[in-house]
Each structure stands twice: as structure tokens, then as C-alpha cells.
**Q** 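Quick one: the structure is below, questions incoming.
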Amino acid sequence: MKFYIATDHAGYTLKSYVKEYVRSLGHEIIDLGPDSADRVDYPDFAKKCAHKVLEDEGSFGILICGTGIGISIAANKVPGIRAALCHDTYTAKLTRLHNDANILCFGERVVGKGVIEDMISVFCETEFEGGRHAGRVGKIEGCSLGANLG
Ligand code: RB5
């Protein structure tokens, strides 16, 4: 699998650890910054990663901020992105199975390295189930203001 990774300053410390772990699983990971722990705005990095994931078909993203909340909210503003804020292996597995998530998000200040490793592993191993979930995922793109969901 191919991943793009980005963080803000509050997720920066974990970035090199996560990159190494993803590579140890045999996957490719491309770092979109930032390049230091200086203060940055998470929407800028969420957007950068979201656009790369959309441009590079079949690729996935990893986004990290302090809580994982801001960076996931920002990424989900980009149509076609399904960024899942996960805290455990159950949510990381189910978001691939049911939501076809294309970006995994978590908070550096929230989850530990062991949980992060397990979430990444299960995210990589789990395929979208399709079937009844495909229609629901399709409807997500219609959830903007004014859209008629029927
Ligand atoms: C930065 O202090 C922090 O607000 C950010 O990393 C994130 O947690 C926002 O949701």
C-alpha cells in the first residue's frame, strides 16, 4: 500500500515513528510535512494530504494532530475524502470495512504507540466490505447543504 502522512506541530513527534512502522510492514509512505515542530495550522496539512490521496488513486493517508479531531474535520471537507478519527483497533477495522476510509487519523496526545501500531496494521489488512455499505458511502458525497438525500 502507499501512504501519505502529514501532521501539525502537536503530531510531529510521532511522525518519524509512524513512518518507520509503516515501512516495517512493507508499505510505502511519503512525508508531506511539516519538517520541524514549529507551530503550524492543521488545516493546511490536512488539505495537502487529502489532495495527494485523491490525485494518487488507490493511495491512503495518515494524519496526526494533538487530538486527531481538527485534522480529521479539515480533511473531511475535501470531497472524496473519508478521514476516520480512530482510537482503537475496532474503530480502525470498522472504518475500512464499513466506511471505506481513505485516511486514518489519530491524536498524539490521546493514543499510545502500541495502539497506533495495531490500528495501522488492522487498517492495512482490512478491505472495504462493499455490499450494503457501498450505497451509504456513496451518499456521503451528497451530504452537503442543499443536497436532496431523498
Ligand atoms: C494544537 O494545539 C491542537 O489544537 C491541534 O493539534 C489539534 O488537537 C486540534 O484539533
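Numbering starts at 1 and runs along the sequence shown.
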**Q** Honestly curious: do Ile29 and Leu14 fall in one hydrophobic cluster under the side-chain, below-4.5 Å linking rule?
**A** yes
**Q** With a 3.5 Å distance limit and no angle check, can you tell me whether Asp31 reaches the backbone of Gly33 through a side-chain donor-acceptor pair?
**A**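 Between the backbone of Gly33 and the side chain of Asp31 there is a qualifying donor-acceptor contact (under 3.5 Å).
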**Q** Between Tyr4 and Asp56, is there a side-chain donor-acceptor contact under 3.5 Å, judged purely by atom types and distance?
**A** yes
**Q** Which atoms form the tightest heavy-atom contact between Ile103 and Ala75, and what is the distance?
**A** CD1-CB, 4.5 Å
**Q** What is the distance from atom NZ of Lys113 to atom CG of Asp118, rounded to the nearest 0.5 Å?
**A**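 If I round to the nearest 0.5 Å, the distance is 14.5 Å.
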**Q** Step by step, would you call Ile5 with Cys49 a side chain to side chain contact (heavy atoms under 4.5 Å, CB included)?
**A** CA-CA 7 Å; Ile5 187 168; Cys49 182; over 6 Å; no
**Q** Once you measure the plane-to-plane angle for Phe3 and His27, does it fall in the parallel (<30°), tilted (30-60°) or perpendicular (>60°) bin?
**A**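 Phe3 vs His27 ring planes: perpendicular.
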**Q** Tell me whether Arg96 contacts the main-chain N or O of Thr126 through its side chain, where contact means a donor paired with an acceptor under 3.5 Å.
**A**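 Side chain of Arg96 to backbone of Thr126: a pair is present.
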**Q** So how far is it from Phe106 CZ to Ser72 OG, rounded to the nearest 0.5 Å?
**A**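 Rounded to the nearest 0.5 Å, the CZ-OG separation comes out at 12.0 Å.
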**Q** Nearest 0.5 Å, please: how far is CG in Asp100 from CZ in Arg136?
**A**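 Reported value, rounded in 0.5 Å steps: 14.0 Å.
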**Q** Considering residues, nucleotides and ligands other than Glu55, do more than 12 of their heavy atoms fall under 6.0 Å from its CD?
**A** yes
**Q** Considering only heavy atoms from C-beta outward, does the side chain of Thr7 approach that of Phe45 to under 4.5 Å?
**A**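 They are not in side-chain contact.
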**Q** Hey, which of Val18, Val115, Thr89 is the one that makes side chain to side chain contact (heavy atoms under 4.5 Å, CB included) with Ile120?
**A** Val18
**Q** Using a 3.5 Å distance criterion without hydrogens, assess whether the side chain of Asp8 forms a donor-acceptor pair with backbone atoms of Asp41.
**A** no
**Q** Enter the distance from Ile81:CD1 to Lys47:NZ here, rounded to the nearest 0.5 Å.
**A** 13.0 Å
**Q** For side chain to side chain contact (heavy atoms under 4.5 Å, CB included), just list the numbers for Met1 and Glu28, CA-CA rounded to whole Å, side-chain angles, deciding distance to a tenth of an Å, and then say yes or no.
**A** CA-CA 6 Å; Met1 289 166 80; Glu28 185 184 353; over 6 Å; no
**Q** Compare all side-chain heavy atoms of Val40 with those of Tyr12 and state whether any distance is below 4.5 angstrom.
**A**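 Val40 does not reach Tyr12 side chain to side chain.
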**Q** In the single-linkage hydrophobic clustering (I, L, V, M, F, W, Y; side-chain heavy atoms under 4.5 Å), do Leu32 and Ile71 co-cluster?
**A** yes
**Q** Taking the side chain as C-beta and beyond, is there a heavy-atom pair between Lys52 and Ser59 under 4.5 Å?
**A** no
**Q** Between CD1 of Ile73 and SG of Cys105, what distance do you get to the nearest 0.5 Å?
**A**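 Answer rounded to 0.5 Å: 10.0 Å.
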**Q** Can you establish whether the number of heavy atoms outside Lys19 located under 6.0 Å from its atom NZ is more than 12?
**A** yes
**Q** Might you point out which heavy atoms bring Ala74 and Ala46 nearest each other, and give the distance in Å?
**A**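 Smallest interatomic distance, heavy atoms only, reads CB-CB, 3.7 Å.
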**Q** Is a side-chain donor-acceptor pair under 3.5 Å present for Tyr17 with Glu108?
**A** no
**Q** Are the side chain of Arg82 and the backbone N or O of Asn99 linked by a donor-acceptor pair below 3.5 Å?
**A**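 Yes.
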**Q** Under a single-linkage definition using a 4.5 Å side-chain heavy-atom cutoff for Ile, Leu, Val, Met, Phe, Trp and Tyr, are Ile64 and Val111 assigned to the same hydrophobic cluster?
**A** yes
**Q** Verify whether one side chain among Ser121 and Tyr21 offers a donor that lies under 3.5 Å from an acceptor in the other.
**A** yes
**Q** Within the distance-only criterion (no hydrogens, no angle test), does the side chain of Thr95 pair as donor or acceptor with the backbone N or O of Thr91 below 3.5 angstrom?
**A** no
**Q** Applying the 4.5 Å side-chain criterion to the ILVMFWY set and letting contacts propagate, would Val110 and Phe123 be lumped into a single cluster?
**A**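 Yes, one cluster joins them.
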**Q** Mind telling me whether His133 and His98 have parallel, tilted or perpendicular rings, with 30° and 60° as the class edges?
**A** parallel
**Q** Which pair of non-hydrogen atoms, one from Cys65 and one from Gly68, has the smallest distance, and what is that distance?
**A** SG-N, 3.1 Å
**Q** Walk me through whether Lys2 and Phe60 qualify under side chain to side chain contact (heavy atoms under 4.5 Å, CB included).
**A** CA-CA 6 Å; Lys2 184 173 181 183; Phe60 293 87; over 6 Å; no
**Q** Taking C-beta and beyond as the side chain, do Val122 and Tyr90 meet within less than 4.5 Å on heavy atoms?
**A**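 No - every pair of side-chain heavy atoms lies 4.5 Å or more apart.
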**Q** Taking the side chain as everything from C-beta on, heavy atoms only, tell me whether Arg109 gets closer than 4.5 Å to Thr67.
**A** no
**Q** Hey, does the side chain of Lys139 reach the backbone of Ala134 with a donor-acceptor pair shorter than 3.5 angstrom?
**A** no
**Q** Is Glu127 reaching over with its side chain to a backbone N or O of Leu97, donor-acceptor style, under 3.5 angstrom?
**A**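 Not at all, since once roles are kept as given, no pair shorter than 3.5 Å links the two residues.
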**Q** Establish whether Val22 and Leu63 are linked, either directly or via other cluster members, by ILVMFWY side-chain heavy-atom contacts under 4.5 Å.
**A** no
**Q** Rounded at 0.5 Å granularity, tell me how far OH in Tyr42 sits from NE2 in His9.
**A**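 One finds 10.0 Å between OH of Tyr42 and NE2 of His9.
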